[in-house]
2 protein chains.
Amino acid sequence: MATGRTHRPASRSRGIPEATVARLPLYLRALTGLSERSVPTVSSEELAAAAGVNSAKLRKDFSYLGSYGTRGVGYDVEYLVYQISRELGLTQDWPVVIVGIGNLGAALANYGGFASRGFRVAALIDADPAMAGKPVAGIPVQHADELEKIVSDNGVSIGVIATPAGAAQPVCDRLVAAGVTSILNFAPTVLTVPDGVDVRKVDLSIELQILAFHEQRKAGEEAANQAAHPTAARRDDSAEQGPDGDVPAVMPA
Amino acid sequence: MATGRTHRPASRSRGIPEATVARLPLYLRALTGLSERSVPTVSSEELAAAAGVNSAKLRKDFSYLGSYGTRGVGYDVEYLVYQISRELGLTQDWPVVIVGIGNLGAALANYGGFASRGFRVAALIDADPAMAGKPVAGIPVQHADELEKIVSDNGVSIGVIATPAGAAQPVCDRLVAAGVTSILNFAPTVLTVPDGVDVRKVDLSIELQILAFHEQRKAGEEAANQAAHPTAARRDDSAEQGPDGDVPAVMPA
DNA sequence: ATGTCTTTGTGAACGCGTGCACAAAGATGG
DNA sequence: CCATCTTTGTGCACGCGTTCACAAAGACAT
Ligand SMILES: NC(=O)c1ccc[n+]([C@@H]2O[C@H](COP(=O)([O-])OP(=O)(O)OC[C@H]3O[C@@H](n4cnc5c(N)ncnc54)[C@H](O)[C@@H]3O)[C@@H](O)[C@H]2O)c1
Ligand SMILES: NC(=O)c1ccc[n+]([C@@H]2O[C@H](COP(=O)([O-])OP(=O)(O)OC[C@H]3O[C@@H](n4cnc5c(N)ncnc54)[C@H](O)[C@@H]3O)[C@@H](O)[C@H]2O)c1
C-alpha cells in the first residue's frame with residue numbers, strides 16, 4: 001500500500017517490519033495521551049488496549065526497537081515516547097508542501113494535527129492565479145510556477161497532493177524532479193514514481209467501497225439466515241442474487 | 001486494517017480475501033477509465049499496469065469472482081465493470097451521513113467522487129447550533145439532536161465521522177445504536193464498536209509519520225554510503241545516530 | 001480441421017504477519 | 001537472601017497474501 005511501483009520487497013527497513021512501522025504512530029498517540037495525564041508507566045496489556053491491538057503484537061513490535069520495558073512493571077511512558085519519536089524521525093521537523101488548495105487542500109492546511117508532530121506546512125501551492133497571495137490558514141498561497149523554487153529553498157522532502165486527479169501525475173513529477181522523495185496523494189489516481197520515492201495514498205472512495213462490500217455481505221447473510229423478513233424492504237433490491245450470482249448482463253462478444 | 005477490535009479472523013468473506021476486496025475499487029477505477037475511452041477489452045497485463053499492481057495478482061483476484069476472462073483475448077471491459085460493481089455492492093446506492101461539518105466535513109460534503117459511485121449524502125450533521133440550517137454543498141446542516149431520527153428515517157447504514165477526536169466515540173456510539181453498521185472515521189482515535197460493525201479509519205497524521213520514517217531511513221543510508229558530503233547540510237541534523245542508536249535520553253526511574 | 005500464438009486460471013512454494021504460550025527477568029515483601 | 005508474583009521478550013506454529021511458472025483454453029489464420 002505504499003511505494004508506487006515494482007518496489008523493493010516491501011519488507012523490513014533496518015530490521016523493523018513495515019507492519020510495525022505502521023503501528024508505531026498508533027502507540028505514540030496512545031502514549032502521548034498517557035503522558036499528558038502524567039501516567040509514569042504502562043503495561044503492554046494496558047497500552048495495547050488503548051491502541052486497539054493485541055498485547056503480544058505490541059510487545060513484539062517494541063522488541064524490534066530494543067528492550068525498553070521492565071519485567072514486572074511495564075514501560076516507562078516518557079522514555080517510550082522519546083524512543084518511538086526518534087525511530088519515526090519526529091525529533092527533527094519536516095517541512096511539507098501542500099499542492100492544490102481547494103476544498104480538501106484548505107482543510108488540510110487548517111488541520112492542527114499537522115504541526116503537533118514535527119510537520120510544518122512550508123508552503124501552499126495552487127495553479128489558480130486568482131488564489132495567489134490569498135492567505136489560507138494564515139499562509140499565503142503561492143503560484144504553481146514557484147513549485148521548484150519553493151521545494152528547493154525550503155529543503156522540502158515531503159509533498160502532499162490535493163489537486164484534481166488529472167493534475168496529480170504532472171504535479172508529482174515536478175515535485176520529484178525538484179527533490180521531493182515522499183508523497184502523500186489524495187487524488188484518485190495511481191502515481192508512477194522513480195525508485196527511492198515513497199508514495200502513500202488516501203482514497204475516501206476506496207474506503208467507502210470496501211465498507212459497502214461488507215455492508216452488502218452482512219445484508220446478504222442476514223437475508224439468508226432469516227429466510228423471510230421483508231422489513232420495509234430497503235430500496236429496489238433488484239435481483240436478490242443467489243449463493244453464486246448468475247447475472248442478467250450482456251456477455252462479451 | 002479495518003474492524004476496530006478483536007474482530008473475526010479478518011479473512012475471506014464469501015471466499016473473497018480481504019486483500020482482494022481492497023483492490024477491487026482500484027481495478028474498477030481503471031476499468032471505468034477504459035470504458036470511457038470505449039476500449040472493448042483489456043489483458044491482465046495492461047489492466048494491472050493501469051491499476052499499479054502485479055498481473056498475476058490481478059488474475060488471481062479476478063479468479064475469486066469467477067472466470068470472466070477469455071484466454072488469448074483478455075477481459076471484456078464493460079462486463080467486468082458490471083461484475084465488480086455488483087460484487088462491491090455498488091449497483092444499489094448507499095445513503096451516507098457525515099457527522100461533524102468543520103473544515104474536513106465540509107470538504108467531504110463538497111466532494112464529487114462521493115455520488116459518482118453509488119454513495120449519496122443523505123444528511124450533514126453537526127453539534128454547533130449556529131450551523132443548523134446553513135447549507136453546505138447544497139445540503140442544509142442538521143443538528144446532532146436529530147441524528148437518530150435521520151439515520152432511522154433514511155435507512156442509513158454507513159456513517160462518516162469528521163468531528164474532533166473527543167467527540168468521535170460518543171458520536172460513534174449513537175450512530176451504531178441508531179442502526180449504522182459501517183463507519184469511516186477521520187478523527188484520530190481508536191473507536192470501539194460491537195461485533196458486526198465495521199470501522200475503517202483515515203489518518204493523515206499516521207500516513208505522514210510513516211513517510212517520515214522512510215524519509216529518515218533514506219537520509220541515514222545516504223549519509224552512511226557516502227561517508228562525507230555535507231551538501232548544504234539540511235537543518236540542524238543533531239545526533240547523526242550510528243548503526244544502532246545510543247541515545248542521550250533520560251532513562252526510566 | 002489443424003497448427004500456432006496469445007493470454008488466462010491456478011498449483012505450488014515462499015515469506016511476512018499474527019498470536020499463543022512460556023521461560024526468564026526483575027520487582028516486591030518478608 | 002529467598003520466595004513469590006508480575007510482566008516482558010520471544011520461540012514456534014499457523015494462515016494469509018504474493019509471486020512464479022506453466023498447462024490448458026481459446027482465437028485466428030491457413
Ligand atoms: N474533497 C474531498 O473530500 C476529497 C476527498 C477525497 C479525495 N479528494 C480528491 O482530492 C483532490 C482535491 O479535491 P478538492 O475537493 O479539494 O478539489 P478542488 O477542485 O476543490 O481543488 C483542487 C485545487 O487544485 C488546484 N489545481 C488544479 N490543478 C493544479 C495544478 N496543476 N497545480 C496546482 N494546483 C492545481 C485547483 O486550482 C484547485 O484549487 C481531488 O483529486 C479529489 O478527487 C477530495
Ligand atoms: N482538517 C483536516 O485536514 C483533517 C485531517 C485529518 C484528520 N482530521 C480530523 O478530522 C476531524 C475534523 O477536523 P476539522 O479540521 O474539520 O475540525 P473542525 O473543528 O473544523 O470541525 C469539527 C466539527 O465537528 C463539530 N462537532 C463537534 N462535536 C460534535 C458532535 N458531538 N457531534 C457533531 N458534530 C460535532 C464541530 O461543531 C465542528 O463543526 C478532527 O478529528 C481532525 O483531527 C482533520
Side-chain angles (χ1 to χ4, degrees), chain A residues 1-3 5-24 26-27 39-49 51-77 79-80 83 210 251-253, chain B residues 1-3 5-24 26-27 39-49 51-77 79-80 83 210 251-253:
Chain A
M1 61 195 65
T3 42
R5 200 110 285 285
T6 27
H7 28 206
R8 71 195 97 82
S11 59
R12 62 198 57 179
S13 303
R14 184 289 275 344
I16 303 184
E18 189 60 28
T20 295
V21 172
R23 279 188 296 268
L24 290 180
L26 223 55
Y27 302 143
V39 177
T41 60
V42 266
S43 68
S44 63
E45 205 69 50
E46 294 166 331
L47 186 54
V53 302
N54 183 294
S55 71
K57 195 188 295 186
L58 178 143
R59 287 197 299 278
K60 182 150 289 190
D61 283 342
F62 286 174
S63 78
Y64 293 114
L65 309 185
S67 282
Y68 294 148
T70 306
R71 296 174 191 228
V73 176
Y75 299 90
D76 182 87
V77 172
Y79 186 63
L80 206 44
Q83 289 300 339
I210 296 172
M251 265 301 287
Chain B
M1 60 187 67
T3 42
R5 201 112 283 286
T6 27
H7 26 206
R8 72 196 97 83
S11 59
R12 61 199 60 177
S13 305
R14 185 290 272 346
I16 303 185
E18 189 61 28
T20 295
V21 172
R23 279 187 296 267
L24 290 181
L26 223 55
Y27 303 144
V39 177
T41 60
V42 266
S43 69
S44 63
E45 205 70 49
E46 294 166 331
L47 185 54
V53 302
N54 183 294
S55 72
K57 195 187 294 187
L58 178 142
R59 287 199 298 277
K60 181 146 289 191
D61 283 342
F62 285 174
S63 79
Y64 292 114
L65 308 185
S67 281
Y68 294 149
T70 306
R71 296 172 191 227
V73 176
Y75 299 91
D76 181 87
V77 173
Y79 186 63
L80 206 44
Q83 288 300 340
I210 295 172
M251 265 300 287

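Below, read A as the first sequence line, B as the second, and so on, with proteins coming before strands; counting in each chain starts at 1. Given the structure is predicted, the values throughout are model-derived calculations rather than measurements.
Here D:dC5 presents its P atom at 19 Å from CD of A:E45, a figure rounded to the nearest Å. Here the C1' atom of nucleotide C:dT7 and the CG atom of B:L47 are 14 Å apart, to the nearest Å. One interatomic measurement links the two molecules: OH of B:Y64 to C1' of D:dC16, which rounds to 9 Å at whole-angstrom precision. As rounded to whole Å, 14 Å separates atom C1' of C:dT7 from atom CZ of B:F62. Note: CG (B:L58) to P (D:dC20) measures 14 Å, nearest angstrom. Note: CD (B:E18) to P (D:dG17) measures 8 Å, nearest angstrom. Put simply, CG on A:D61 is 12 Å from P on D:dG9, counting in whole angstrom units.
Nearest-nucleotide positions on DNA chain C for B:K60 and B:G72 put B:G72 closer to the 5' end.
Residue contacts shown for A:Y75 are limited to sugar-phosphate atoms, with no base heavy atom under 4.0 Å away.
At a threshold of 4.5 Å between non-hydrogen side-chain atoms, the residues A:L65 and A:L24 count as touching. The shortest distance between side-chain heavy atoms of B:K60 and B:T20 does not fall below 4.5 Å. Inter-residue side-chain proximity for A:E46 and A:Y75 is flagged as unmet; no heavy-atom pair is nearer than 4.5 Å. A:L80 is listed as a side-chain neighbour of A:F62, based on a closest heavy-atom distance under 4.5 Å. Between A:V77 and A:V42, some side-chain heavy-atom pair lies under the 4.5 Å cut-off.
Taking the six-membered ring where the residue is Trp, the centroids of B:Y79 and B:Y68 are separated by under 6.0 Å.
Checked against C:dT18, C:dT7, D:dT18, the side chain of A:K57 finds its nearest nucleotide in C:dT18. Among the nucleotides D:dA27, C:dC20, D:dA21, the one closest to any side-chain atom of A:A56 is C:dC20.
Put simply, B:N54 has no side-chain N or O that comes within less than 4.0 Å of OP1 or OP2 on D:dG17. For D:dC22, the OP1/OP2 oxygens have no side-chain nitrogen or oxygen of B:R59 closer than 4.0 Å. Between A:S44 and D:dT7 there is no side-chain polar atom (N or O) within less than 4.0 angstrom of OP1 or OP2.
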> Stepwise, does the side-chain contact (heavy atoms from CB on, under 4.5 Å) test hold for A:E18 with B:I210?
Replying inline: CA-CA 9 Å; A:E18 189 60 28; B:I210 295 172; 4.0 Å; yes
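Two end axes, each from the C1' atoms of five base pairs, can be drawn for the helix from C:dA1-D:dT30 to C:dG30-D:dC1; they diverge by 10°, to 10 degrees.
Contact of A:R71 with C:dA24 (side chain to base): a donor-acceptor pair of N or O atoms is detected under 3.5 Å.
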